[in-house]
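See structure below.
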Amino acid sequence: MEVAPDLLGRTLVRALPDGSRLAGRIVEVEAYEPGDAASHGNRRMTDFNATMFGAPGRLYVYFTYGNHWMMNVVTRPRGDASAVLLRAVEPIDGIPIMEANRGRSLVTDLCSGPGKLTKALAVDKSLDGTDLVRGHDVWIEAGDPVAAEHIAVGIRVGVSVGLDKDWRFVERGSGFLSKGKPGPPSGSRRRRTTT
DNA sequence: CGTTGGATTGGCT
DNA sequence: GCCAATCCAACGC
């Protein structure tokens, strides 16, 4: 939680096997803490979320909703199971490649959401556990920190519990934020097979 | 062992 | 506005 706002403004870099460099400025994150009902870390440790329990400074990648990867930064020491979800970045380098990955050319729509971000940067489970400080596939650079007065906070997006926590941090006024609406999903639109 | 629901997105009605 | 895509773990029987 303490480091989540600090990640805003930093540069997320992804180096592809062919040497291409993709980079973006982090503009939206959410914190997930130990004991947080909305966090995977609140459940038992499995292969699915093991990275979250591991060493800090690593990349935690997981799959959800059947077809979307999410990328997180593990922030607390081994055993504490916390992470910061990277929800949106402002594209800087390798935009044409991002466009190809996303099948879209609107720059504000390339990385404006957690699932979009991973697709644009070609991030998947194979990068789970990567060291974001020393890694050579994906890492985070210092970038330009966002001043506290330009950071807006709010409740997290897409979760139905833990709404009492203002753990979503965004760069105020950025045009590259996700379109997810904070708070519970608009009704529970989950399919009902039972009659 | 079968069903449900989720840190989502994109496409169709 | 509503639903499908499609994987994993919790929960109910």
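Convention: sequence-line order gives letters A, B, ...; per-chain numbering from 1. Quick note: numbers below take in every heavy atom, side chains included, and nothing from hydrogens, waters or symmetry partners. Given the structure is predicted, the values throughout are model-derived calculations rather than measurements.
- A:Met70 places its CE atom 13 Å from the C1' atom of C:dC8, with the value rounded to the nearest Å.
- As rounded to the nearest Å, B:dG10 and C:dC8 have C1' atoms that lie 22 Å from one another.
- Distance OG1/A:Thr130 to NE2/A:His136: 8.0 Å, rounded to 0.5 Å.
- To the nearest angstrom, C1' of C:dC3 lies 13 Å from CG of A:Asn67.
- Nucleotide B:dT9 holds its C1' atom 12 Å from the CZ atom of A:Phe63, rounded to whole Å.
- Two rings, from A:Tyr32 and A:His40, have their centers 6.0 Å or more apart.
- With sequence neighbours excluded, no residue forms a salt bridge (charged side-chain N to carboxylate O under 4.0 Å, His left out) with A:Arg43.
- Listed for the A:Thr118 side chain is a donor-acceptor partner under 3.5 Å among the backbone atoms of A:Gly115.
- Regarding A:Arg168, its CZ atom lies at a distance of 11 Å from the P atom of B:dT8, rounded to whole Å.
- Straight-line distance between the C1' atoms of B:dT9 and C:dA9: roughly 22 Å, to the nearest whole Å.
- The interatomic distance linking A:His68 (NE2) with B:dG5 (P) rounds to 19 Å, in whole Å.
- Put simply, the side chain of A:Met71 reaches to within 4.5 Å of the side chain of A:Leu59, judged on heavy atoms.
- Rounded to the nearest 0.5 angstrom, A:Tyr60 OH and A:Phe48 CZ are separated by 5.0 Å.
- The CG-P distance, from A:Asn72 to B:dT8, rounds to 11 Å in whole Å.
- Listed by residue number, the members of residues 36-52 of chain A with any heavy atom below 4.0 angstrom from DNA chain C are A:Arg43, A:Arg44, A:Thr46, A:Phe48.
- Rounded to whole Å, atom C1' of B:dT9 lies 17 Å from atom CE of A:Met71.
- Considering only residues two or more places apart in sequence or on other chains, A:Asp6 meets the salt bridge (charged side-chain N to carboxylate O under 4.0 Å, His left out) condition with A:Arg10.
- Under a cut-off of 6.0 angstrom, the local environment of CG in A:Asp164 is crowded, with over 12 non-hydrogen atoms contributed by other residues, nucleotides or ligands.
- Of the possible donor and acceptor atoms, one in the side chain of A:Asn101 sits under 3.5 Å from a partner among the backbone N and O of A:Ala120.
- Consecutive Watson-Crick or G-U pairing (both distances under 3.5 Å) extending over three or more pairs maps onto DNA chain C as B:1-6 with C:7-12, B:8-12 with C:1-5.
- Listed by first and then second residue, the ring-ring contact (aromatic ring centres under 6.0 Å, His included) pairs involving residues 69-113 of chain A are A:Phe63-A:Trp69 (not counting sequence neighbours).
- Heavy-atom distances under 4.0 Å link DNA chain C to no residue of residues 99-133 of chain A.
- Put simply, CG on A:Leu85 is 11 Å from C1' on B:dT8, counting in whole angstrom units.
- Here the CG-CG distance, from A:Leu12 to A:Leu121, works out to 5.5 Å after rounding to the nearest 0.5 Å.
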